[in-house]
Amino acid sequence: MEVNFFFIVVIFLIGFAGSFISGMVGIGGSIIKYPMLLYIPSIVGLSAFTAHEVSGISAVQVLFATIGGVWVYRKGGYLNKSLILYMGVSVLIGSFIGGYGSRFMPDSGVNLVYGILAVIAAGMMFLPKKDIDDIPLEEVTFNKWLAAMLAFLVGIGAGIVGAAGAFILVPIMLIVLKIPTRMTIASSLAITFISSIGAATGKVLTGQVLFWPAVIMIIASLIASPLGAKVGKKMNTRILQWMLAILIFATAIKIWVDILF
């Protein structure tokens, strides 16, 4: 792989765009950056990455993309520590299992898992969310063991595709656990950070991470994610929900078109 100025610019722009949106809507960004890394380099004349290489780059990048977002949301009572603990530990274990086990899967298998997760997440995002944002942050409650079990299952799938799983954890938190939107966005970034430790470790140990693309994406993430989080704090929660739903739905369609045709 030749690393030149054009290569650096393309990878940086992919990382910046994905991380800005991830900071804004509370995800690690793999739902956006996975298809961008998979398709854009070859479209602009660069060597294409394999699904394994894309998942490895994404796993390491998400680890850093979420740090900036969590830092912006650290004040204001948006971080639910109990939710972060139960879902974070569970998704960490699951993502390590998925990340390490993905070495035994073909590229088509990695894409298939990604496509299934994206469809589930997209469907959940279009379900009605009744009055969740009317709940005072200090009065938020949830089923701890259900949260832990769902996070573990999401972690396995997310680890396989090099994601931290926030793109499906967010709809679970909104629809199943009834967590208010801004608390969901802030807490999901913290959970995603914990999850990405497991996924990134599994990918690094199995040699699925390309060094220079990962470094470029990390730099872009550290710049763009805090900017996106600051914008997200000022936006209407319904707009944030619809943005995430449309992003997930569009990605799911693209992945399944490629799998089937």
Side-chain angles (χ1 to χ4, degrees), residues 18-19 22-23 25-34 55-70 73 78-103 105 110 113-114 116-122 124-125 140 142-179 181 183-206 208-209 221 225 244 248:
S19 296
S22 76
V25 298
I27 58 176
S30 290
I31 188 72
I32 306 159
K33 279 167 277 193
Y34 186 95
S55 66
I57 295 167
S58 297
V60 174
Q61 174 274 325
V62 167
L63 183 66
F64 292 88
T66 49
I67 294 174
V70 173
Y73 277 106
Y78 296 116
L79 294 169
N80 188 311
K81 293 180 176 130
S82 179
L83 184 68
I84 293 167
L85 176 64
Y86 276 86
M87 297 191 81
V89 171
S90 299
V91 81
L92 172 61
I93 297 169
S95 65
F96 178 77
I97 294 171
Y100 191 85
S102 64
R103 68 182 298 188
M105 297 179 66
V110 175
V113 171
Y114 186 88
I116 292 171
L117 289 176
V119 167
I120 294 171
M124 292 181 69
M125 284 302 297
V140 172
F142 63 96
N143 186 317
K144 295 178 174 63
W145 298 111
L146 176 63
M149 180 187 69
L150 292 173
F152 175 75
L153 295 175
V154 169
I156 293 175
I160 290 173
V161 300
F167 67 92
I168 191 166
L169 286 176
V170 166
I172 285 174
M173 291 162 73
L174 290 171
I175 304 296
V176 181
L177 303 178
K178 309 294 184 185
I179 308 297
T181 303
M183 181 174 280
T184 290
I185 290 173
S187 299
S188 71
L189 284 168
I191 294 166
T192 300
F193 170 71
I194 297 171
S195 167
S196 63
I197 296 172
T201 302
K203 296 292 185 181
V204 169
L205 289 177
T206 52
Q208 298 181 59
V209 179
S221 299
S225 183
L244 183 58
I248 294 173

Worked check of side-chain contact (heavy atoms from CB on, under 4.5 Å) between Met124 and Leu174:
CA-CA 9 Å; Met124 292 181 69; Leu174 290 171; over 6 Å; no

Do Ile57 and Lys203 have side chains that approach each other closer than 4.5 Å (heavy atoms only, starting at C-beta)?
no

Considering all heavy atoms of both residues, which atom of Ile194 and which atom of Leu92 are nearest to each other, and what is their separation?
O-CD1, 3.2 Å

If the condition is side chain to side chain contact (heavy atoms under 4.5 Å, CB included), which residues does Val204 pass it with, not counting sequence neighbours?
Val60, Val209

Hey, mind stepping through Leu169 and Ser188 against side-chain contact (heavy atoms from CB on, under 4.5 Å) and telling me if it holds?
CA-CA 7 Å; Leu169 286 176; Ser188 71; 5.5 Å; no

Would Ile84 and Leu79 satisfy side-chain contact (heavy atoms from CB on, under 4.5 Å), going step by step from the backbone distance to the final call?
CA-CA 8 Å; Ile84 293 167; Leu79 294 169; 4.1 Å; yes

Listed partners of Leu205 passing side chain to side chain contact (heavy atoms under 4.5 Å, CB included), at least two apart:
Phe96, Thr201

If you draw a 6.0 Å radius around CZ in Phe142, do more than 12 non-hydrogen atoms from other residues or ligands fall strictly inside?
yes

Looking only at side chains, do Ser221 and Ser19 share a donor and an acceptor under 3.5 Å apart?
yes

Any sub-3.5 Å donor-acceptor pair from Thr184's side-chain atoms to Ile179's backbone N or O?
yes

For residues Ile185 and Val170, determine if any side-chain heavy atom of one lies less than 4.5 Å from a side-chain heavy atom of the other.
no

What's the spacing between Leu150 CG and Leu177 CG if we round to 0.5 Å?
6.5 Å

When rounded to the nearest 0.5 Å, the distance separating CG of Asn143 from CH2 of Trp145 is 10.0 Å

For the side chain of Ser90 and the backbone of Met87, is there at least one donor-acceptor N/O pair under 3.5 Å apart?
no

From Lys144 atom NZ to Tyr86 atom OH, the distance as rounded to the nearest 0.5 Å
5.5 Å

side-chain contact (heavy atoms from CB on, under 4.5 Å) between Val91 and Phe152: does it pass, once the steps are laid out?
CA-CA 5 Å; Val91 81; Phe152 175 75; over 6 Å; no

Where the side chain of Ser95 meets the backbone of Ile156, is there a donor-acceptor pair that is under 3.5 Å apart?
no

In Å and rounded to the nearest 0.5 Å, what is the OH to OG distance from Tyr73 to Ser187?
10.5 Å

